[in-house]
Amino acid sequence: MIIDDGSRWAGRYVTLDGMRGIAALAVALFHYNISQARHGYVAVDFFFVLSGFVLCRAYLPRWEAGMGTWAFMKQRFIRLYPLFLVGLIVTTISAISNRYTGKGDVYDYGMIAASLSFNVLMLPSPVTNTLFPLNVPAWSLFFELLANAALVMVLFRLPKVGLLAVCGFCAWWYVPVVIANEGGNLGAVWAQVGTSVVRTALSFTAGVLIGKLPQPETRRAGWAGMACLVAIAVILLLDPPAIPPAYYDLACALVLFPLLVWIGARCEPPRIVAPLAWFLGEVSYAVYAVHWALMQPLRYFKDDLGYEPVLMGAVFLGCCVTLAWLSVRFIDAPIRRALNRRLGSPTRAAMDVRNRHSETSLAAVAKNAADR
């Protein structure tokens, strides 16, 4: 049955929470040490599928009841922007420090100021090759917002066969691009903007399609949920030598991730695992938003001092989770409460303060972006 024991994760899709958290850690690990998570970047496709599913389940009834585009986008801004800004601030500080340490990319102050003038508005920088040069993973958050706008303006209006047609067209376009690139690590630079749009549309629309399918009234807690958590970790860490990277990435984006979201929405992990899965989901967006800032400082211990890479990978992830939790606890949550009071409805703000699972607790999935 659905976990409903009065805990903070009562009524939530805890399996999806846990998978989102594991995916965020895989992205971070890929960026820190590619050899430890060679396909960590495909977690972005998982984030988009999950986001489409969650937002469909949370907002389709409200949209059908009359919720407008502006009201919806206002809620998405409140959800996404505070941690996006935290990530941009800490990665800017890290980028400036590179000028004195000689580590990582070294940017001149003019470029930093010019790119920030756009990035702080959650817009890509037109003065650099990379869309978000100071916090590279933020590209997917920009496309998440575009997908959110498309959701209320287009995707909610389409029947399931229309959503399937969108997925089919995007797959037709995306598959040869990934094969030509010999992998699906695409989207962060201007030259790949078209691919970014298609990549986002493919997975996000697949999630919306899954969200429109009939859902069970109850979700039984057991080992099926645990299997989903293990599966997402294995998929993102595995690097099978017999499968070319492009075909592995396509299998993940086109088959495995939609299937995992469909299964994960129908089962929950054992109760003993639920608190950890919930916590990983809570910090997942923040991990995605801030981890880029910690890469170069902690690579110093691995690359220059020769510390054991696996140990440093664990230390890096621990630091990411710690900074993420602090960001959620002391910055994101208070700012969102204030914004909800000022811009949102008092009822929803009060609900967020009480139990942190408004929007079926899963509209938070769109943060990851992933993700994220």
Side-chain angles (χ1 to χ4, degrees), residues 1-27 42-61 160 163 167 203-238 251-285 287 355-372:
M1 60 186 298
I2 297 174
I3 297 176
D4 191 8
D5 54 5
S7 62
R8 285 175 289 185
W9 49 88
R12 295 177 57 140
Y13 289 88
V14 184
T15 298
L16 299 184
D17 277 343
M19 287 197 290
R20 184 175 75 240
I22 292 170
L25 293 176
V27 172
V42 292
V44 172
D45 300 286
F46 177 77
F47 292 146
F48 284 138
V49 177
L50 198 52
S51 176
F53 170 80
V54 166
L55 294 182
C56 180
R57 299 299 297 174
Y59 283 102
L60 181 57
K160 290 190 282 291
L163 296 173
C167 291
S203 294
F204 189 87
T205 305
V208 176
L209 177 59
I210 296 170
K212 284 193 172 186
L213 296 176
Q215 302 294 319
E217 294 184 2
T218 61
R219 301 186 300 278
R220 189 173 300 277
W223 292 106
M226 186 67 191
C228 288
L229 299 179
V230 173
I232 190 67
V234 170
I235 289 170
L236 294 174
L237 297 179
L238 195 64
C252 291
L254 299 177
V255 179
L256 296 179
F257 292 157
L259 182 61
L260 272 179
V261 170
W262 184 82
I263 296 173
R266 286 160 169 74
C267 58
E268 298 296 357
R271 292 180 183 274
I272 193 172
V273 179
L276 177 60
W278 167 81
F279 175 76
L280 290 177
E282 284 290 284
V283 300
S284 60
Y285 176 32
V287 167
N355 56 29
R356 301 285 306 281
H357 48 74
S358 60
E359 304 176 6
T360 319
S361 294
L362 278 171
V365 172
K367 359 173 197 185
N368 358 14
D371 99 323
R372 246 347 164 343

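Among residues two or more places apart in sequence or in another chain, the side-chain contact (heavy atoms from CB on, under 4.5 Å) test is passed with I235 by Y248, C252, L256, F257, L260. Not counting sequence neighbours, the partners of I263 by the side-chain contact (heavy atoms from CB on, under 4.5 Å) test are C228, L259, C267.
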> Can F46 and L236 be said to form a side-chain contact (heavy atoms from CB on, under 4.5 Å), step by step?
Replying inline: CA-CA 10 Å; F46 177 77; L236 294 174; over 6 Å; no
> Going through the distances and angles, do V208 and L60 end up as a side-chain contact (heavy atoms from CB on, under 4.5 Å)?
Replying inline: CA-CA 10 Å; V208 176; L60 181 57; over 6 Å; no
> Should Y13 and D17 be marked as a side-chain contact (heavy atoms from CB on, under 4.5 Å) after you check the CA-CA gap, both sets of side-chain angles, and the distance that decides it?
Replying inline: CA-CA 6 Å; Y13 289 88; D17 277 343; 5.8 Å; no
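Shown here for A206 and C167, the closest heavy-atom pair between the two residues is N-SG, 3.5 Å. Residue R20 comes nearest to S284 through the heavy atom pair NE-OG, 2.8 Å, listed as atom of the first residue, atom of the second, then distance. Listed here is the closest heavy atom pair of T15 and L229: O-CD2, 3.5 Å. For the residue pair A43 and V27, the shortest heavy atom distance occurs at CB-CG2, 3.3 Å. Considering every non-hydrogen atom in both A253 and S203, the closest pair reads O-OG, 4.5 Å. Across A274 and P269, no two heavy atoms sit closer than the pair CA-CG, 4.4 Å.
At distances below 3.5 Å, at least one donor-acceptor pair connects side-chain atoms of E268 with backbone N or O atoms of V14. Between the side chain of R219 and the backbone N or O of R12, at least one donor-acceptor pair lies under 3.5 Å. With hydrogens and angles disregarded, a donor-acceptor distance shorter than 3.5 Å links the side chain of Q215 to the backbone of I210.
Here the CG atom belonging to L50 is positioned 10.5 Å from the CZ atom belonging to F204, to the nearest 0.5 angstrom. The distance from atom CH2 of W262 to atom CG of L213, rounded to the nearest 0.5 Å, is 9.0 Å.
Considering only heavy atoms from C-beta on, M19 stays 4.5 Å or farther from I22 through its side chain.
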